[in-house]
Amino acid sequence: MADRFPDAARIAAAQDAVLGLGSTADEVTRNYLALADRLDRTPAPVPGAGVALAGSMLRNVTYSLLLHNETLPVLAQFWSAAAHLADGALTDADGQVLQQVFAAPPATPGVPADNQATMFLALICGDARWSRDVDTYARSAAADRAAWPLTAGMPANIWACAFWPEPAEEPVAVTGEGPRNTLILQNRRDNATPWEDGLGLAEVLGRRAGFVGADNGGHYVYGQGSTCVDQATVTFLTTGRLPDENLYCTDVPQR
C-alpha cells in the first residue's frame with residue numbers, strides 16, 4: 001500500500017482545484033489519514049445505501065480501487081465525496097460517485113452471494129497453520145498500525161483462519177526441482193501481491209521459472225500497456241519459451 005498509494009494521491013493532487021484534497025501527493029496522503037481517523041471515530045451514513053462509511057470501509061474501498069489503474073480517478077473522486085459526506089456537505093456529484101462505488105454487482109444465477117469471500121478464506125485458511133494467540137495478533141496489529149498507517153494494522157490483524165481446523169495436509173514445499181514451465185508476472189507497485197513476493201518466488205523456483213517485472217501499479221500485469229510484458233507472455237503461452245534472464249519492463253506510461 002505504501003508503494004501503490006502515491007499513484008492515486010498524485011492524480012488527486014493534480015485535481016486539487018476540483019477535489020480539494022491537497023496540491024501534493026504528501027498533502028493528499030495526510031488528509032486521507034486524517035479522514036480515515038475521523039471516520040473511525042464517527043462513521044458517516046451514506047444516503048440511500050443502507051450503510052455508514054467508517055474508516056475501515058474507506059480503507060477497504062481504497063484497497064480495491066488501487067488494484068486497477070483505470071479506477072484511480074474514481075478513487076480520487078471517492079475520497080473527495082467521503083470528505084464532503086463527513087462534513088455533512090454532500091453534493092449531487094458526490095452522491096453519484098458514492099452510488100457508483102457502493103452499487104452491488106449483479107448476481108450470477110446459481111452462485112451464492114458470498115462465494116468469492118468464502119472461497120478466498122478456504123484458500124488462505126486451508127493453506128497453512130495460523131496462530132491462535134489473540135494477544136499476539138493484538139500486539140502485532142498495534143505495531144503495524146504505527147509503522148504503516150495507510151492500512152491501520154489490517155495486514156497483521158487476526159483472521160477467521162485463527163479459528164479454523166488444522167489443515168488436512170502439510171503445505172507443499174516450493175523448490176527449484178522440476179520442469180522449467182512457470183512464468184511469473186509482477187508489477188512493481190502492487191498493493192495485493194508485493195514486488196518482493198514475486199522476486200522471492202522467482203528465487204525459490206530458480207531455473208524452473210521466468211520472471212517478468214513491470215514498472216507499473218495495480219494487481220494486473222498482462223494487457224496493461226506494456227508491450228514488453230505482453231510479448232513475453234504471448235511468447236510463453238504460444239511456444240513455452242521463457243526469458244533467459246529476469247526481464248524488467250519500463251515501457252508503461254507513468255501517470
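On a predicted model such as this, the values are computed, not experimentally measured, just so you know.
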Would one find more than 12 heavy atoms of other residues, nucleotides or ligands at under 6.0 Å from atom [atom1] of [X]?
{"X": "Arg132", "atom1": "CZ", "result": "yes"}
{"X": "Trp195", "atom1": "CH2", "result": "yes"}
{"X": "Glu169", "atom1": "CD", "result": "no"}
{"X": "Glu177", "atom1": "CD", "result": "no"}

Check ion pair [X]-[Y] (N to O, under 4.0 angstrom):
{"X": "Glu170", "Y": "Arg129", "result": "yes"}
{"X": "Asp190", "Y": "Arg4", "result": "no"}
{"X": "Arg10", "Y": "Asp26", "result": "no"}
{"X": "Asp135", "Y": "Arg139", "result": "no"}

When clusters are formed by joining ILVMFWY residues with side-chain heavy atoms under 4.5 Å apart, either directly or through shared neighbours, do [X] and [Y] land in the same one?
{"X": "Val61", "Y": "Met1", "answer": "yes"}
{"X": "Leu33", "Y": "Leu65", "answer": "yes"}
{"X": "Leu183", "Y": "Tyr248", "answer": "no"}
{"X": "Val74", "Y": "Phe102", "answer": "yes"}
{"X": "Leu185", "Y": "Phe211", "answer": "no"}

Does any non-hydrogen side-chain atom of [Y] lie less than 4.5 Å from one of [X]?
{"X": "Leu205", "Y": "Thr182", "result": "yes"}
{"X": "Asp3", "Y": "Asn191", "result": "no"}
{"X": "Glu70", "Y": "Gln224", "result": "yes"}

List the atom of [X], the atom of [Y], and the distance in Å for their closest heavy-atom pair.
{"X": "Trp79", "Y": "Ala8", "answer": "CH2-CB, 3.6 Å"}
{"X": "Asp144", "Y": "Gly153", "answer": "OD2-CA, 3.8 Å"}
{"X": "Asp251", "Y": "Cys228", "answer": "OD2-N, 3.0 Å"}
{"X": "Ala52", "Y": "Pro43", "answer": "CB-CB, 4.0 Å"}
{"X": "Ala81", "Y": "Asp94", "answer": "CA-OD1, 3.6 Å"}
{"X": "Leu53", "Y": "Ala82", "answer": "CD2-CB, 3.5 Å"}

Judged by modelled atom types alone, do [X] and [Y] share a side-chain donor-acceptor pair under 3.5 Å?
{"X": "Glu27", "Y": "Ser23", "answer": "yes"}
{"X": "Thr250", "Y": "Asp215", "answer": "no"}
{"X": "Asn69", "Y": "Asn216", "answer": "yes"}
{"X": "Tyr63", "Y": "Thr151", "answer": "no"}

For [X] and [Y], indicate whether the former's side chain and the latter's backbone hold a donor-acceptor pair under 3.5 Å.
{"X": "Arg180", "Y": "Ala209", "result": "yes"}
{"X": "Ser80", "Y": "Gln77", "result": "no"}
{"X": "Tyr137", "Y": "Ser131", "result": "yes"}
{"X": "Asp230", "Y": "Tyr222", "result": "no"}
{"X": "Asp114", "Y": "Ala117", "result": "no"}
{"X": "Thr71", "Y": "His68", "result": "yes"}
{"X": "Arg38", "Y": "Ala86", "result": "yes"}
{"X": "Gln186", "Y": "Thr193", "result": "yes"}
{"X": "Arg208", "Y": "Gly176", "result": "no"}

Distance, nearest 0.5 Å, that separates [atom1] of [X] from [atom2] of [Y]:
{"X": "Asp37", "Y": "Leu58", "atom1": "CG", "atom2": "CG", "result": "11.5 Å"}
{"X": "Leu75", "Y": "Ile11", "atom1": "CG", "atom2": "CD1", "result": "8.5 Å"}
{"X": "Leu199", "Y": "Ile184", "atom1": "CG", "atom2": "CD1", "result": "9.0 Å"}
{"X": "Gln15", "Y": "Leu21", "atom1": "CD", "atom2": "CG", "result": "9.0 Å"}
{"X": "Thr29", "Y": "Tyr32", "atom1": "OG1", "atom2": "OH", "result": "10.0 Å"}
{"X": "Ser226", "Y": "Leu247", "atom1": "OG", "atom2": "CG", "result": "8.0 Å"}

Apply the test side-chain contact (heavy atoms from CB on, under 4.5 Å) to residues Arg189 and Leu66: give CA-CA distance (whole Å), side-chain angles for both, the deciding distance (0.1 Å), then the verdict. CA-CA 10 Å; Arg189 302 179 306 283; Leu66 285 174; over 6 Å; no

In this structure, is the centre-to-centre distance between the rings of Trp130 and Trp164 below 6.0 Å?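 No: the rings miss the under 6.0 Å criterion.
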
Can you list the steps and then say if Val212 with Thr233 is a side-chain contact (heavy atoms from CB on, under 4.5 Å)? CA-CA 9 Å; Val212 177; Thr233 305; 5.9 Å; no

Begin from the C-alpha positions of Phe163 and Ile158 and carry the test side-chain contact (heavy atoms from CB on, under 4.5 Å) through to its verdict. CA-CA 10 Å; Phe163 306 100; Ile158 197 166; 3.8 Å; yes

